[in-house]
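Each remark here refers to the structure printed beneath this line.
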Amino acid sequence: MASNDAQDPRLPRISSAIRVIPDFPKPGIMFQDITTLLLDTKAFKDTIDLFVERYRDQNISVVAGVEARGFIFGPPIALAIGAKFVPMRKPNKLPGEVISEEYSLEYGTDKMEMHVGAVQAGDRALVIDDLIATGGTLCAAIKLLERVGAQVVECACVIELPELKGREKLTGKPLFVLVKGA
């Protein structure tokens, strides 16, 4: 449930709009499918509204969306709170000069990239993604933002898979989550 807002009547609708697909993309994974949330216009609007209500008065200047589903939630939040949207992408997806941060996967590593100059020292940033599992991508986004002098105010996700302990890897950064995944 949402931190500090467990009784919000919008949360059950959001939670029920997320489809869980067992054994996808491989056996043992309970995939949290947000495409069904996106099809439910009321639940999708409620999701965006809950984030906007939380961040409207926090002087956020940058909403950093983690590829790819952070690109779905980030832009409408950024527009509503008057912040710029900055995509955090996988390697070789952004044209122009980038900085990158490597992070660990279950088997190996990957990188996240951000345009040089997209975020300035002193910017107040919100990092958004659809889900936190192990925390690797959120940690990489935090490191990229902090390397250029931004202050990461909070990370926000629609879903948390608490058993994977991603929250513990966020180096003390606050995490706001709407629902716990199955």
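Note: hydrogens, waters and symmetry copies are ignored here, and every other heavy atom, side chains too, is used.
- Residue K180 comes nearest to P162 through the heavy atom pair CD-CG, 3.9 Å, listed as atom of the first residue, atom of the second, then distance.
- Between the H115 side chain and the P95 main chain, a donor and an acceptor come within less than 3.5 Å of each other.
- Within the model, atoms CD1 of I18 and CZ of R13 stand 12.5 Å from one another, a figure rounded to the nearest 0.5 Å.
- A donor-acceptor distance shorter than 3.5 angstrom exists from the side chain of R147 to the backbone of S100, with no hydrogens or angles considered.
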Are V98 and M114 close enough, and set up right, to give a side-chain contact (heavy atoms from CB on, under 4.5 Å), and what steps lead you there? CA-CA 5 Å; V98 298; M114 175 179 75; over 6 Å; no

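- Put simply, the side chain of Q32 gets close to the backbone of M30: a donor and an acceptor are under 3.5 Å apart.
- In plain terms, the two heavy atoms of E146 and V152 that are nearest each other are CG-CG2, 4.2 Å.
- Using a 4.5 Å heavy-atom threshold, the side chains of I29 and I21 count as separate.
- V66 and L94 fall into different hydrophobic clusters, where Ile, Leu, Val, Met, Phe, Trp and Tyr are joined by side-chain heavy atoms under 4.5 Å apart, directly or via other members.
- Between R19 and L37, the closest side-chain pair of non-hydrogen atoms is not below 4.5 Å.
- With values rounded to the nearest 0.5 angstrom, C139 atom SG is found 5.0 Å from L170 atom CG.
- Open room surrounds CG on D57; 12 or fewer heavy atoms of other groups in view lie less than 6.0 Å from it.
- Shown here for T36 and A17, the closest heavy-atom pair between the two residues is OG1-O, 2.6 Å.
- Contact record, A156 with L126: CB-CD1, 3.9 Å, taken as the closest heavy-atom pair.
- Counting only heavy atoms from C-beta outward, the side chains of V148 and L144 never approach each other to under 4.5 Å.
- Here the side chain of R69 pairs no donor or acceptor atom with the backbone of D129 at under 3.5 angstrom.
- Of the options I132, I128, L131, a side-chain contact (heavy atoms from CB on, under 4.5 Å) to L138 is made by I132 and by none of the others.
- In this structure, L178 CG and C157 SG are separated by 9.0 Å, a value rounded to the nearest 0.5 Å.
- Of the inter-residue distances, the one linking D110 atom CG with E102 atom CD reads 8.5 Å to the nearest 0.5 angstrom.
- With contacts defined as side-chain heavy-atom distances shorter than 4.5 Å, the pair V153/Y55 does not qualify.
- In this structure, F24 and D33 have side chains that are not in contact, with every pair of non-hydrogen atoms separated by 4.5 Å or more.
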Where do R10 and E53 land on the salt bridge (charged side-chain N to carboxylate O under 4.0 Å, His left out) test, with the steps shown first? CA-CA 13 Å; R10 297 170 287 187; E53 289 163 16; 2.8 Å; yes

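- In this structure, CD1 on I14 lies 7.5 Å from CG on D8, to the nearest 0.5 angstrom.
- With rounding to the nearest 0.5 Å, the separation of CZ in F176 from CD in E160 is 12.0 Å.
- M112 pairs with exactly one of K90, M88, E67 by the side-chain contact (heavy atoms from CB on, under 4.5 Å) rule, that one being M88.
- In this structure, the side chain of D23 engages the main chain of G28 through a donor-acceptor pair within 3.5 Å.
- A 4.5 Å side-chain heavy-atom check between V127 and L145 finds at least one atom pair inside the cut-off.
- With respect to E154, the side-chain hydrogen bond (donor to acceptor under 3.5 Å, both in side chains) criterion is satisfied by exactly one of Q58, K173, R54: R54.
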Checking side-chain contact (heavy atoms from CB on, under 4.5 Å) for the pair V63/I60: CA distance, chi angles, key distance, verdict? CA-CA 7 Å; V63 175; I60 303 291; 4.3 Å; yes

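- Taking all atoms of both residues into account, the shortest heavy-atom contact from T134 to K169 is O-CD, 3.0 Å.
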Verdict with reasoning, T109 to Y103, per side-chain contact (heavy atoms from CB on, under 4.5 Å): CA-CA 6 Å; T109 61; Y103 62 96; over 6 Å; no

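- Around CD of E97, the count of heavy atoms belonging to other residues, nucleotides or ligands within 6.0 Å does not exceed 12.
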How far apart are the C-alpha atoms of T47 and K45, what are their side-chain angles, what is the distance that settles it, and do they pass the side-chain contact (heavy atoms from CB on, under 4.5 Å) test? CA-CA 5 Å; T47 301; K45 182 181 184 317; over 6 Å; no

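- A salt bridge does not link R89 with E113: every distance from a Lys NZ or Arg NE/NH1/NH2 to an Asp or Glu carboxylate oxygen is 4.0 Å or more.
- A donor-acceptor contact shorter than 3.5 Å is absent between the side chain of K84 and the backbone of L79.
- Side chains of V20 and F31 form no contact here, defined as non-hydrogen atoms less than 4.5 Å apart.
- A donor-acceptor pair under 3.5 Å is formed between the side chain of D123 and the backbone N or O of Q120.
- Heavy atoms only, all atoms of each residue included: P9 and P12 are closest at O-CD, 3.3 Å.
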